[in-house]
Amino acid sequence: MARWGMAIDLAKCSACQACVVACQSENNIPCVPPEEARSGRILSWISLLPELEGEYPRLSMRLVPLPCLHCDNPPCILVCPVKATGINAEGTVHQIYPRCIGCRYCTTGCPYTRRMFNWYKPEFPGDLALALNPDVSVRPKGVVEKCTLCHHRLMQAREEAKAAKRPLAEGDYLPACAEVCPSGAITFGDLDDPASAVAQLARNPRAFRLLEDLGTKPKVFHLAEGEWSGGRGNQT
Amino acid sequence: MDVETKLEISRDDAVLIQPIVAARGSFYYLAAALLAFSALAFFAWVEQLRRGLGVTGLNVPVYWGVYITNFVFFIGISHAGTLISAILRLCHAEWRRSITRAAEVITVLVLFFGVGSIIMDLGRPDRALNVLRHPNFRSPLLWDVCSISVYLMASTIYLYLPLIPDIAILRDRTGGASWFYRFLAAGWRGTEKQKRRLDRAIAVMAVLVIPIAVSVHTVVSWVFAMTVQPGWHSAIFGPYFVVGAIFSGIAALIIAMALIRRIYFLHDYLKPVHFNHLGLLLMVMSLLWFYFTFAEYLTTFYGGDPSHLTVFYSKLTGRYALAFWTMFATCFVIPFPILAWRRTRTVAGTVVASISVIIGMWLERLTIVVPTMSQPRLPWATGLYSPTWIEIAITLGFGATFILLYMLFTRFFPIISIWEVQEGREHSLPEVIERVRSYMPGTEPVQ
Amino acid sequence: MKTGVLILILSALPLLGAETVSRGAYFVPGDPKAGMRVFLDKGCARCHAVLGEGGRTAPDLARVPAGHLSAAEAVAAMWNHAPAMWNKMRVERLNLPRFSDPEMTNLFAFLYSVRSLDEPGDPERGRRLLSDKKCLECHAVSSAGRGAGPDLRTWTSHRNPVSWIQAMWNHGLAMRSLMAARGLSWPEFKDNDMTDIIAYIRTLAGVPKTRANPRLANAEAGARLFEQKGCATCHSFRGAGGKGGPDLGVRPLPRTLGQFATLMWNHAPAMWSSMQAHKMAPPQFSNQEMADLIAHLFTQRYFEASGNADRGRRVFEEKGCGSCHSPGAGAARGPSLAAWRGAASPVRLAAALWNHGPLMLGTMERRQIPWPRFLPAEVADLMEFLGAGQRPRQRAGGKP
Amino acid sequence: MSFKVGRRDFVRFAGGGALGMAASGIGMEAISRFNEALAAEQMQVPGGPESWALGVCTQCPAGCGLRVRKVGARAVKVQGNPLHPVNQGGLCPKGVAELQTLYHPDRLRAPMRNTGTRKSPRWMQISWDEAIATLTGQLRKLRDAGQAHTVALVERNRHSLSSRLMQRFMTAYGSPNYLVLPSGQDALKTAVHLQQGVTQPVAYDWDRAQYVLSFGVNLLEGWGSPASIMRAFGRWRDPSSGRRTKFVQVEPRFSLTASRADEWVPLRPGAEAALALGMAYVLITEGLYDAAFVREHTFGFEDWHDDAGRAHQGFRSLVLSEYRLQDVAALTGVPEETILRLAREFGNHRPAVALGDSQTSTLPGNPYSAMAVHSLNALVGSIDAPGGVLIQAVMPASPPPGSVTAWPRIDQSPSSVFPGHHLAEAARAILAGRPYPVQAIILNEVNPVFSMPNGTAFEQCLDQTPFVASFAVFLDESAMRADLVLPAQTDLEKWQAVTSPPTFPSAVQSIAAPVVPPRYQARQPADVILELAHQLGGAAAQALPAANFEEYVHAQAGELFAAQSGSVFSTSMEDAWNRLLDRSGWWSPTYATADELWEQMQKQGGWWDPTYSHGEWQRVLKTPSGRFEFYSQTLAHWAAAHPEFARNAGMKPDDDRLFLPHQTPIADPPPGYPLLLLPIEVLPLAGGEGGHLPYLQQIAGSHLFEAWESWLEMDPETAHKLHIPDGAIVWIESRRGRAQVRARVYAGVRPGVVHLPLGYGHTAGSELSRGGVNPLSLLEDRREPVAGLPQSAGTYVRVYPS
């Protein structure tokens with residue numbers, strides 16, 4: 001059984017946010033109108049977290065693309081009163097939209113603020129609804145939604161592999177964010193397969209997990225930016 | 001049916017059923033005004049149902065606001081009645097006799113509004129029954145559902161049991177014509193056996209209700225404390241919330257008593273001594289509240305965890321400083337001197353202190369819920385939360401509806417326990433003399 | 001369509017191999033492009049480079065060794081270096097890849113074909129060569145040129161040594177007479193001179209109009225051309241063919257096509273003289289024909305002259321293979337090699353080397369048996385021996 | 001009676017309880033029904049058979065390959081085409097947002113005629129036949145009257161076949177006035193033209209560069225071809241690639257690019273040239289420059305004498321005398337040791353490239369600064385070297401038709417100095433009616449009124465021109481001024497053929513058939529122009545025989561086939577194989593005929609020639625000296641004929657510095673306007689476009705959690721001094737105008753500078769794009785003397801609370 005995880009290399013990330021838009025497009029996440037955006041109600045399953053430090057001219061900014069971290073020990077699923085969210089055998093934290101009562105206890109329990117609530121009925125003005133993906137349900141108002149690691153893509157990849165009578169190979173299943181990343185900063189795969197690229201990156205000394213001390217055991221790793229050494233890497 | 005004894009109210013206490021016998025016009029005006037607020041709240045709720053929770057001021061990351069504050073607040077108020085009444089009963093505090101009913105009614109009624117606040121807060125209230133269909137017993141919210149329903153059940157029974165003899169009086173007064181009273185009186189004839197059983201039942205319930213009440217508010221606090229959020233994840237939240245609950249409950253009770261006294265001319269029943277006693281209790285709770293608050297914040301401060309400190313400072317000096325310090329003033333600075341000083345511990349004084357405490361405790365709930373939510377551990381945009389008219393209307397409507405229902409209760413049932421007062425008059429006096437004597441040296445204990 | 005006429009020299013190998021089973025019973029066809037994938041996928045490129053692209057820690061397999069390598073020569077080199085390579089990989093904590101026979105075949109095909117490719121030359125050297133060799137006495141490369149010969153800039157589209165050979169071949173005779181008239185001697189070039197000159201000429205391009213790259217050559221067509229154009233009248237191939245010219249199967253072959261072009265350049269006057277002597281008109285080639293012809297020659301040279309089973313048996317015994325392995329079904333400490341009967345080939349040996357070699361090396365080290373070293377011819381002989389199994393006499397020594 | 005609950009009572013009680021339960025159940029059910037009645041529950045998304053189609057993105061000039069997922073006839077997802085050499089499967093957010101352009105609610109639906117006035121238009125829907133007849137009528141009338149040259153066509157040069165077609169149409173029709181919008185690379189283009197003599201776009205060997213030094217180029221925020229630069233950026237930081245390219249960003253603001261760089265060097269605005277020359281000083285004095293390259297391939301490094309025997313100053317002595325470290329440090333605000341270290345790193349980590357000077361992808365920088373920066377490339381021998389600055393390979397194409405008019409282009413370009421187009425100059429010429437009055441303007445999917453620094457001037461041009469037609473997707477600010485508005489197809493609806501993107505070294509031809517059927521009555525402008533050409537007849541029809549754009553693109557495949565090189569887009573493995581063969585001079589096409597090539601191009605996304613030939617000096621150095629010219633003889637020759645040049649530059653005509661890279665003086669703020677306004681670009685709205693797309697609006701200001709509206713970036717100190725709290729609404733006022741905007745305090749702003757993002761503040765077009773302020777509306781009309789490029793820097797403003 002795979003344990004799906006992700007490694008996001010902050011050194012390679014150019015902060016373009018293609019992942020954010022790809023996720024929105026793939027998962028039928030509605031765009032909210034300006035006044036809603038101003039009150040912080042933008043729905044996005046992966047977003048860019050800027051952390052600016054210092055004063056001019058000594059500044060540093062860490063820009064962290066942050067999806068749901070799919071913790072192995074997720075605080076959110078513990079608190080849901082109706083079991084509308086849970087963690088499946090492959091470690092993906094899911095949300096059952098038709099069961100969710102919208103109490104937002106999980107959003108409150110998530111230390112990463114990576115759960116989104118449908119404040120309104122989703123709106124797709126004009127023909128924008130034509131761009132909706134039939135593989136992903138459009139959430140009704142009043143329920144919590146979150147990153148699914150594009151679970152529908154896993155199902156599709158499984159079916160395709162099955163049809164071709166071969167096991168699921170690395171790279172067959174990629175979430176939209178990992179697929180679109182132009183700088184190759186997002187690596188996705190099976191953390192339990194020691195040979196997979198993601199497992200190797202997770203073991204990299206640069207790898208860290210956000211708020212690791214909370215014991216949530218995220219399956220999304222970030223790789224800290226490395227310093228330029230002045231040399232030519234391992235060639236010299 | 002052998003001997004039909006007609007239960008009657010003694011002439012001395014006739015004033016107690018006056019509100020039931022004849023309502024004044026002002027009752028209807030007030031009821032209409034309150035109903036208007038209820039209607040407004042209903043309209044606001046329809047709007048919220050129609051459009052979604054977006055009509056509230058909630059946002060990312062402030063996912064919880066006034067509704068949850070109200071929930072905690074109302075559940076806190078509910079500790080007024082049953083818990084206090086049970087403790088007083090168990091202690092044989094004789095001055096309880098005229099106040100237990102008023103207290104117990106608060107509990108039962110206000111619990112509905114506590115639960116109602118949660119319903120208001122749900123994105124999908126239509127699916128609320130999912131908590132029964134797919135219960136997750138690991139969720140503190142489900143513990144809440146359980147403990148609150150048990151509490152509601154227990155306090156309803158606890159309200160009902162001492163009501164039976166009074167209902168029987170009302171039944172017999174109307175000659176048993178009203179099926180309503182006949183049904184509710186459950187065949188009470190006031191026989192010795194019945195009285196003995198009732199006494200035992202009340203005693204058992206009083207014992208039962210205390211741990212339930214304590215558990216309820218502990219569980220409410222756990223809704224917060226069981227998360228890892230800074231400012232919530234605290235071991236003393238259970239007792240802290242219970243103390244706060246009793247604190248606000250007593251305050252609510254004092255206000256209710258003062259109103260009843262004033263409106264129904266029950267000065268003889270609700271005497272300054274009642275207020276004095278309750279005032280002292282309130283003062284003790286105020287001190288306890290201060291102690292817990294101090295302990296909680298001092299621990300946070302010394303812990304020095306940055307995420308906790310962010311929340312800490314947002315309350316002490318930051319965006320929520322006004323709410324925080326108002327809370328501190330109204331929960332401690334204002335009521336404590338009033339209550340501590342004998343000369344101000346009058347009816348008016350205790351009422352002023354109580355109103356102050358009610359405001360303060362609501363603010364306390366708010367400053368527990370909102371600042372933590374608006375300062376998430378990761379530096380997302382920190383949320384700014386200000387409730388919209390929908391939330392305010394629903395909050396006001398809840399308050400109004402609660403008062404309305406309370407008034408209605410007084411229209412149908414005596415708000416002061418007639419039989420207990422009678423009993424006090426007839427039996428307790430010698431009993432107390434006997435009991436007090438038993439405390440003295442050289443006498444055999446009573447039992 | 002892909003299996004049509006457009007196949008690189010070595011892409012022709014599979015076809016040729018398949019059709020000429022008689023050539024070597026052990027020959028397995030391969031696809032160089034697939035071989036490149038093997039090269040990348042198996043991680044060879046992490047250490048080895050090919051024409052300068054890839055890792056730096058191990059030799060560039062397209063450049064080292066400098067000369068032409070047949071399959072057997074390549075296997076012998078690989079075999080002899082294997083223990084050192086494995087040790088190094090262990091130190092670097094690299095996984096030892098495993099190869100299937102087709103993968104190894106493709107890999108060999110890939111390496112053999114890239115080895116024949118020229119690397120971009122050094123224009124600076126090319127410029128010096130042109131003036132040193134007095135080419136500029138006649139040819140113009142800019143407005144400042146003597147102009148007797150054609151302006152070399154018109155040749156900028158020839159980016160390929162084969163095109164150059166073709167162009168020179170076709171014009172060579174005229175040029176030689178012109179040079180003779182001017183009293184100039186025929187310049188001789190060596191090694192990569194030709195690619196350097198090509199590189200230099202290319203930098204002279206204003207805007208290159210078109211690039212005349214010959215398409216991938218067809219060795220089969222080349223074989224036909226060898227007959228049609230009369231090459232076979234003089235040249236022989238390992239003894240078969242005319243005796244007038246040198247045996248093209250015996251002389252050391254240069255590694256790359258460009259070096260081959262240089263060779264032809266240098267020998268052209270001698271050849272022309274010989275042709276004149278035989279009253280033969282030098283055949284004219286199109287660009288593509290020249291490519292095909294050279295492809296034919298290179299393809300032929302992939303195959304070592306077949307081995308000799310008897311010599312193979314001697315190798316088997318002398319190198320101590322027999323102390324563990326038995327060539328037939330007999331009991332031995334090591335695995336039986338009976339399965340190799342009829343299917344032995346250098347490529348298969350290479351695959352086996354990777355798949356079982358590290359284990360074998362360990363065993364041998366424990367038993368203090370030295371790792372044997374083979375000469376290319378010994379590999380060929382050994383394969384012939386193993387392929388023939390216990391009945392060496394039936395296929396011994398035969399040439400196709 | 002005993003106190004017990006009688007059976008009947010119990011039943012009643014239980015019944016009551018049950019009733020209560022039932023009531024609450026019914027209550028819940030009622031709430032549910034109520035809820036459902038108030039707002040319908042679920043939105044159902046129709047399914048359908050899944051299919052994939054290839055497309056090309058033209059949201060910016062990069063032309064990334066798209067792979068579009070379709071369900072039924074709907075396009076539901078845009079991904080990168082993994083085979084496309086530019087983006088290799090990746091995509092920037094603008095590409096992903098293509099779907100929202102396609103299905104945008106505010107799109108133009110049918111051709112419209114303006115029956116009102118220019119100032120207050122009234123729109124009447126007309127048929128395409130009528131629209132084309134109107135257009136044909138106008139053009140025919142003008143041509144027949146010998147006024148063909150008075151027609152101008154304005155578009156954005158998308159490096160596409162459609163642009164080539166437009167250009168050919170204009171030439172064949174008889175007008176020199178094919179005009180394109182200014183680009184942020186115009187200054188660089190000028191510098192490369194002056195120093196290398198080429199007009200072909202400059203390109204960079206990103207993958208092999210070891211050191212990338214950017215002077216204010218917003219490399220990761222929309223400059224060049226974003227997806228390919230981001231891919232290279234990922235590779236720079238990929239440990240498995242075995243090297244770590246250093247990326248240094250020199251710019252006043254701590255931009256997103258600066259924050260992503262290995263080092264950010266804050267610099268005084270406008271002092272780029274001084275810093276570059278200061279670095280040159282170090283390279284020269286420490287002998288870190290590539291002496292061989294400078295000796296063999298450059299001109300004007302040492303002092304020299306011209307044919308007339310006059311002595312001229314060389315680059316070396318200019319730098320050594322005027323750009324000493326302490327002077328440069330004082331001028332630029334960059335510490336001496338930083339300059340020293342940067343220069344040493346730059347000289348020691350070759351191949352190194354220096355980029356600049358430009359802040360955004362639409363607003364050009366200063367040519368002298370660009371020359372100074374480009375001189376650094378020459379000093380370290382990076383010109384046309386592997387890992388250096390290359391000149392883009394030329395696309396195989398048939399020669400353009402010969403010009404049939406003797407009239408000059410309205411902007412009097414191309415001059416020998418600036419090879420590009422001067423729309424700003426054109427606007428001035430049109431307004432003045434010199435050298436001839438312009439009678440008709442055709443806008444092809446451009447909105448100069450919004451996107452040009454002097455947009456209002458262009459607005460006046462349009463108002464003054466008798467006939468204006470606009471191909472547009474939205475009824476934008478410029479289309480609002482047209483007589484005829486023609487709905488254009490968006491990327492996924494039309495035949496697409498995009499050629500080599502800027503900064504990409506190889507020749508690339510991406511093509512794509514329509515992914516979905518066109519919506520509404522939108523048409524591909526190229527198709528309309530072809531129809532126009534046929535109806536006009538004559539030279540135009542002869543030059544463009546293709547019946548439609550598809551045929552035109554098909555013909556291009558024939559030209560590519562004839563070129564006998566390159567290959568169809570394929571996997572990186574195939575590319576590596578082809579490159580391996582190609583560098584040895586072999587070619588292994590997968591096609592045997594032009595038709596096969598055409599077929600494969602459609603299936604794979606296009607054709608390209610992966611090989612770049614380095615060191616073809618005659619191709620990349622076409623200056624009078626045939627060398628890289630530190631001292632631009634091109635400029636000197638031109639200046640000899642244009643005495644006003646030296647005057648405009650404020651120098652003596654015989655001052656050699658006029659022709660050498662140098663730091664131009666930085667103006668002081670005028671009294672009352674203390675803050676320098678510098679427009680910035682954010683990737684989602686790069687090129688000033690994308691403001692109508694909710695996807696992009698939501699992410700455009702995410703470093704400050706801003707969305708949908710523009711913001712004014714201020715440094716904390718200035719904000720404090722002006723009593724402006726973070727998030728307050730303020731006025732920003734320049735001498736040209738004022739606007740209200742939300743102030744945001746951002747520590748990355750240099751004190752004394754304020755920034756406004758480009759792409760906001762539409763007044764027409766889509767309702768969704770109205771938020772914020774267009775900084776261009778505040779910029780003063782400033783030009784630099786060399787090429788007359790509009791300068792975005794130099795406008796000072798004041799900011800006060802509202």
Side-chain angles (χ1 to χ4, degrees), chain A residues 32 35-44 47 49-53 62 64 66 75-86 96-122 140-144 210-211 213-216, chain B residues 48-64 68 118-119 121-145 223-224 226-230 232 305 307 369 372-374 376-386:
Chain A
V32 305
E35 58 276 18
E36 290 299 302
R38 183 144 291 285
S39 64
R41 288 182 183 157
I42 288 179
L43 291 162
S44 69
S47 24
L49 175 67
E51 295 175 78
L52 180 72
E53 267 179 26
R62 191 165 81 161
V64 187
L66 204 61
C76 54
I77 68 165
L78 215 57
V79 297
C80 175
V82 294
K83 291 185 187 159
T85 180
I96 307 168
Y97 310 126
R99 188 187 289 177
C100 174
I101 59 172
C103 68
R104 304 185 303 295
Y105 197 0
C106 54
T107 58
T108 304
C110 173
Y112 305 98
T113 330
R114 286 330 291 153
R115 288 174 154 270
M116 300 291 145
F117 182 72
N118 284 279
W119 301 101
Y120 294 104
K121 186 176 183 218
K141 73 168 191 288
V143 302
V144 168
L210 278 172
L211 304 182
D213 51 338
L214 293 180
T216 48
Chain B
Q48 178 179 310
L49 276 181
R50 195 172 63 81
R51 294 186 53 204
L53 270 177
V55 297
T56 64
L58 299 171
N59 56 42
V60 184
V62 188
Y63 283 108
W64 283 352
I68 293 292
I118 289 285
I119 299 285
D121 190 56
L122 292 185
R124 302 300 304 233
D126 50 317
R127 298 177 183 170
L129 289 184
N130 276 1
V131 296
L132 305 179
R133 280 192 213 121
H134 313 281
N136 174 18
F137 287 101
R138 294 192 300 171
S139 168
L141 212 55
L142 200 86
W143 307 343
D144 254 340
V145 170
V223 167
F224 303 100
M226 294 298 150
T227 68
V228 292
Q229 301 298 4
W232 288 359
D305 184 315
S307 55
V369 175
T372 290
M373 293 257 67
S374 64
R377 278 174 199 268
L378 295 177
W380 299 110
T382 48
L384 275 170
Y385 171 69
S386 52

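The model shown is predicted, which means the values in this text are computed figures rather than measured ones.
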Among the listed options A:L66, A:L210, A:N118, the residue most often paired with chain B at heavy-atom distances under 4.5 Å: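 The candidate making the most pairs under 4.5 Å is A:L66.
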
Pick from A:S47, A:P50, A:P75, A:C100 with the largest number of heavy-atom pairs that fall under 4.5 Å of chain B: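 Of A:S47, A:P50, A:P75, A:C100, A:C100 has the most heavy-atom pairs under 4.5 Å with chain B.
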
Look up atom [atom1] in [X] and atom [atom2] in [Y], then write down how far apart they are to the nearest 0.5 Å.
X      : Y      : atom1 : atom2 : result
B:I68  : A:C103 : CD1   : SG    : 8.0 Å
B:S307 : A:D213 : OG    : CG    : 8.0 Å
B:R377 : A:Y112 : CZ    : OH    : 9.0 Å

Heavy-atom pair of closest approach, residues [X] and [Y]:
X      : Y      : answer
B:S139 : A:C80  : CB-O, 3.3 Å
A:G109 : B:V228 : O-CG2, 4.3 Å
B:N130 : A:I101 : CB-CG2, 3.9 Å
B:P61  : A:T113 : CB-CG2, 3.7 Å
B:R124 : A:G142 : CG-O, 3.3 Å

With respect to chain A, which residue among [options] yields the maximal number of heavy-atom pairs within a distance under 4.5 Å?
options                        : value
B:I118, B:L142, B:T56, B:V145  : B:T56
B:P230, B:P140, B:G57          : B:P140
B:L132, B:T227, B:V131, B:L122 : B:L122
B:Y63, B:W232, B:F137, B:W143  : B:Y63

Inter-chain contacts: residues 35-44 of chain A against chain B, heavy atoms under 4.5 Å: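 So the qualifying residues are A:S39, A:G40, A:R41.
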
Side chain / backbone / both / neither for A:C76 at chain B, heavy atoms under 4.5 Å: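 Neither; nothing under 4.5 Å.
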
Per-residue contact mode, A:L78 against chain B (heavy atom under 4.5 angstrom):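 For A:L78, heavy atoms of backbone and side chain both lie under 4.5 Å from chain B.
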
Any donor-acceptor pair under 3.5 Å from [X] side chain to [Y] backbone:
X      : Y      : value
B:R133 : A:R99  : no
A:Y120 : B:G54  : yes
B:Q229 : A:T108 : yes

Beyond-backbone contact of A:R104 with B:L58, side-chain heavy atoms, under 4.5 angstrom: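 Yes - at least one pair of side-chain heavy atoms lies under 4.5 Å apart.
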
Contact check, side chains of A:V82 and B:R127, non-hydrogen atoms, under 4.5 Å: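 When only atoms from C-beta onward are counted, B:R127 and A:V82 do not touch, as no gap falls below 4.5 Å.
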
Region of B:T372 that comes under 4.5 Å of a non-hydrogen atom in chain A: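 Neither part.
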
CA sep, side-chain torsions, deciding dist, call: A:I77, B:R138, side-chain contact (heavy atoms from CB on, under 4.5 Å): CA-CA 9 Å; A:I77 68 165; B:R138 294 192 300 171; 4.1 Å; yes

Ring geometry between B:W64 and A:Y105 (parallel below 30°, tilted from 30 to 60°, perpendicular above 60°):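 It falls in the tilted class, 30° to 60°.
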
